[in-house]
Number of protein chains: 2
Amino acid sequence: MAFEEEQKVFDSFVREKGLKHSGQRKDILLTFLKTEKHLTVDELYTLVKKKNPSIGIATVYRTLKLLCGCGLSSELRFGDGPVRYEHFYRHEHHDHLVCVKCGNFIEVMDAEIEKLQERLAKKEDFTLQGHKLLMYGVCRKCKG
Amino acid sequence: MAFEEEQKVFDSFVREKGLKHSGQRKDILLTFLKTEKHLTVDELYTLVKKKNPSIGIATVYRTLKLLCGCGLSSELRFGDGPVRYEHFYRHEHHDHLVCVKCGNFIEVMDAEIEKLQERLAKKEDFTLQGHKLLMYGVCRKCKG
DNA sequence: GGTTATAATGATAACAATTATCAATATCAA
DNA sequence: TTGATATTGATAATTGTTATCATTATAACC
């Protein structure tokens, strides 16, 4: 079984919080991990149902909250519509370039921007924990 | 009457789109302009009702969409909860440092970050139109 | 000014995403 | 094995927002 590290992260989170394990949570976690996409709850729900048809959507909501809590996932909000969940554990931090025409996005990363943010935060005496940078524009394809 | 410039911006938007003027829109626009806060629809609705008690909340939703369309306002989404609307016209572009404990935020600006974003976008052949940068952390007060 | 086409309004139904509730079940420490 | 309690799935409730629609207001034209 793959994803031992991620499972360990989840395990210690569960232990630390006095929660319990369950087959549903394991199914959801593994399905999430092997799908390298920015999934919505509904999309993940559909995928997990193939493995475990009796699962309820509320459990998917609940489990994704836990995955965010232990650093395995992170919420992403592009404008309106449902929240998307991206992989977070051992993924280089990246930002998103979103096309306003076709809705597609590109992940980009830039160490300098990260540094500048730290500087800004320090100036205001903030202890930075994370950030979300969304850049909107028109992608190459849509510029035609 | 103040805010002549902003009213002119709105006027030409209305003309250009073949829309019409209305007292409600004027009340909403002026109340929005004189309240230098990141208002939710509901907050603005409450304020406008003091001037015009018969106004409906749907009109506030609709008018804020228009204000965003003509560049007088801009949507802001801090995590969940309702969208907030900030002033946009002739306001230097700024980003937000949001405290994860108390929910307060500070506006910050940094010309260099803007430049770096342009660079990133160019690399991907994106025509950048705007961006939203939210930085999360703990503010001075909450670090106590 | 009066007419007329059409945009705007307010009330509220509908909708989408999410959270809360709750009875039944599963987990796990002792 | 047992008992305390966390989890589950179904679904009701909630929240924020948009759509609908009959009525009213606006503004271009005469």
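A, B, ... follow the sequence lines: proteins, then strands. Residue 1 opens every chain.
- Within 4.0 Å of B:Lys65, counting heavy atoms only, lie sugar-phosphate atoms of the nucleic acid but no base atom.
- No side-chain donor-acceptor contact under 3.5 Å links A:Tyr61 and A:Lys65.
- Partners of A:Glu114 under the side-chain contact (heavy atoms from CB on, under 4.5 Å) rule, at least two apart in sequence or in another chain, are A:His93, A:Asp95, A:His131.
- Rounded to whole Å, atom C1' of D:dG16 lies 13 Å from atom CZ of B:Arg84.
- Between A:Arg77 atom CZ and D:dT17 atom P the separation is 12 Å, expressed in whole Å.
- Under 4.0 Å is where a charged nitrogen must lie from a carboxylate oxygen, and between A:Glu5 and A:Arg90 at least one such pair does.
- Side-chain contact annotation: A:His94 with A:Glu86, donor-acceptor N/O pair under 3.5 Å present.
- The nearest whole Å value for the distance from the CD atom in B:Glu75 to the C1' atom in D:dG16 is 12 Å.
- One atom, CG of B:Asp80, and another, C1' of C:dA20, lie 15 Å apart when rounded to the nearest Å.
- One can place CD of B:Glu16 at 16 Å from P of C:dA7, the figure rounded to the nearest angstrom.
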Subject >> Summary of protein contacts for nucleotides 5-14 of chain D, nucleotide by nucleotide, where a base hit scores B, a sugar-phosphate-only hit scores S (4.0 Å, heavy atoms) >> reply: BSSBB-----

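- B:Lys143 pairs by the side-chain contact (heavy atoms from CB on, under 4.5 Å) definition with A:Asp125, A:Thr127, B:Val138, not counting sequence neighbours.
- The distance between atom CG of A:Leu76 and atom C1' of C:dA17, rounded to the nearest whole Å, is 16 Å.
- Straight-line distance from the OH atom of B:Tyr61 to the C1' atom of C:dA8: 18 Å, rounded to whole Å.
- In this structure, the CZ atom of B:Phe13 is 14 Å from the P atom of C:dA7, given to the nearest Å.
- Side-chain atoms of A:Glu6 and A:His87 form no donor-acceptor pair, as typed in the model, at a separation below 3.5 Å.
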